[in-house]
There are 2 protein chains.
Amino acid sequence: MTSTAVTSRELPHPARDEIRLEGVLHALSDPLRLQIVRELAADGGELSCSRFDLPVTKSTTTHHFRVLRECGVIRQAYRGTAKMNGLREGDLDDLFPGLLDSLLAAAARQAARIAADG
Amino acid sequence: MTSTAVTSRELPHPARDEIRLEGVLHALSDPLRLQIVRELAADGGELSCSRFDLPVTKSTTTHHFRVLRECGVIRQAYRGTAKMNGLREGDLDDLFPGLLDSLLAAAARQAARIAADG
DNA sequence: CGACTCATACGATAGACATCGTAGTACGGG
DNA sequence: CCCGTACTACGATGTCTATCGTATGAGTCG
């Protein structure tokens, strides 16, 4: 079965022009999802869902990844049994130049502020 | 209850350091609130609630303004019978430098894209 | 005072959402 | 072929949220 492509397990993604700013902001307004995006940005590549150590069950984790995908923030693809996740940096930067960087910088700044106590 | 009212017309605002990024993003993830913020930014000054022509009732309008205030996005103050609303640009820029501008630019870009249809 | 305007508060309601547990599907290897 | 791993789908639930209508408070002006 070397030829059986992973075609039957395709995941629906919004096209670049279907991505809405409100949706992106909604996706990032959840602390867990913001954390996921920060880790993806820090890694720069693709990470499987199980690489994240989130304080919720697997079901909830799946839910959050789906929200991120359906809002156009990440791209997901199966690779064997794993599901790889990557930021849609290019598409987002085409649509909203500089926004993702600003958001990540803001998140980093807040994290530093909180870490330094508050 | 005429005299005991402790200046019941004061409005609670979060202190600058209490403003959370997630809250700001949540506030702006609603199309109506994003529109309000865009108009406030375009005006640059203060606007009364009634200056906005939103497709919802007064009650709902009040609700959205309150969300924006409680999340630290706008500052509200009474002036006679009117309630004036102004962006907290300074506080937001202290906390998250450049973020507000990026968000407004992204919103403007999306509005232009939608206006040009697709 | 009395009427009018601006905005609020309260109660209700319908829909969205975060979370969980359980059962199930897809893939890879012994 | 059966098992383990990785992720999903479904149903339930409690909470949050956007919306409305109505009644109310606060200020202004006749």
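Quick caveat: nothing in here was measured; it's all calculated off a predicted structure. Hydrogens, waters and symmetry mates are skipped; everything else that's a heavy atom, side chains included, is used. A note on names: the letters A, B, ... follow the listed sequences, proteins ahead of strands, and every chain is numbered from 1.
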Rounded to whole Å, how long is the line connecting atom [atom1] of [X] with atom [atom2] of [N]?
{"X": "Phe65(A)", "N": "dT19(C)", "atom1": "CZ", "atom2": "C1'", "result": "16 Å"}
{"X": "Met84(A)", "N": "dT5(D)", "atom1": "CE", "atom2": "P", "result": "19 Å"}
{"X": "Leu11(A)", "N": "dA6(D)", "atom1": "CG", "atom2": "P", "result": "18 Å"}
{"X": "Ile36(A)", "N": "dA18(C)", "atom1": "CD1", "atom2": "C1'", "result": "13 Å"}
{"X": "Leu25(B)", "N": "dC17(C)", "atom1": "CG", "atom2": "P", "result": "16 Å"}
{"X": "Arg79(B)", "N": "dT28(D)", "atom1": "CZ", "atom2": "P", "result": "12 Å"}
{"X": "Glu10(A)", "N": "dC27(C)", "atom1": "CD", "atom2": "C1'", "result": "16 Å"}
{"X": "Glu70(B)", "N": "dC16(D)", "atom1": "CD", "atom2": "P", "result": "13 Å"}

OP1 or OP2 of dC7(D) versus the side-chain N and O atoms of Arg66(A): is any pair under 4.0 Å? no
So Thr61(A), base contact, sugar-phosphate only, or nothing? Heavy-atom distance under 4.0 Å.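 Thr61(A): no heavy atom of the nucleic acid under 4.0 Å.
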Note, Lys58(B) side chain near Cys49(B) side chain (heavy atom, < 4.5 Å):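 No, their side chains stay 4.5 Å or more apart.
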Hey, are the side chains of Phe96(A) and Leu103(B) touching, using non-hydrogen atoms and a 4.5 Å cut-off?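 Contact flag for Phe96(A)/Leu103(B) side chains = no.
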Specify the closest pair of heavy atoms between Leu104(A) and Ala41(A), including all atoms of both residues, with the distance to one decimal.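 That would be CD1-CB, 3.6 Å.
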Heavy-atom donor-acceptor pair, [X] side chain to [Y] backbone, under 3.5 Å:
{"X": "Thr61(A)", "Y": "Thr57(A)", "answer": "yes"}
{"X": "Glu18(B)", "Y": "Ala15(B)", "answer": "yes"}
{"X": "Asp91(A)", "Y": "Arg16(A)", "answer": "no"}

Between the protein and nucleotides 17-24 of chain D, are there any N/O to N/O pairs under 3.5 Å, and if so, what are the atom names and distances?
| residue | atom | partner | partner atom | Å |
| --- | --- | --- | --- | --- |
| dA18(D) | OP1 | Arg33(B) | NH1 | 3.4 |
| dA18(D) | OP1 | Arg33(B) | NH2 | 3.0 |
| dA18(D) | OP2 | Arg33(B) | NH1 | 3.4 |
| dA18(D) | OP2 | His63(B) | NE2 | 2.7 |
| dT19(D) | OP2 | His64(B) | NE2 | 2.3 |
| dC20(D) | OP2 | Thr57(B) | N | 2.8 |
| dC20(D) | OP2 | Thr57(B) | OG1 | 3.1 |
| dC20(D) | OP2 | Thr60(B) | OG1 | 2.8 |
| dG21(D) | N7 | Ser59(B) | OG | 3.4 |
| dG21(D) | O6 | Ser59(B) | OG | 2.9 |
| dT22(D) | O4 | Ser59(B) | OG | 3.2 |

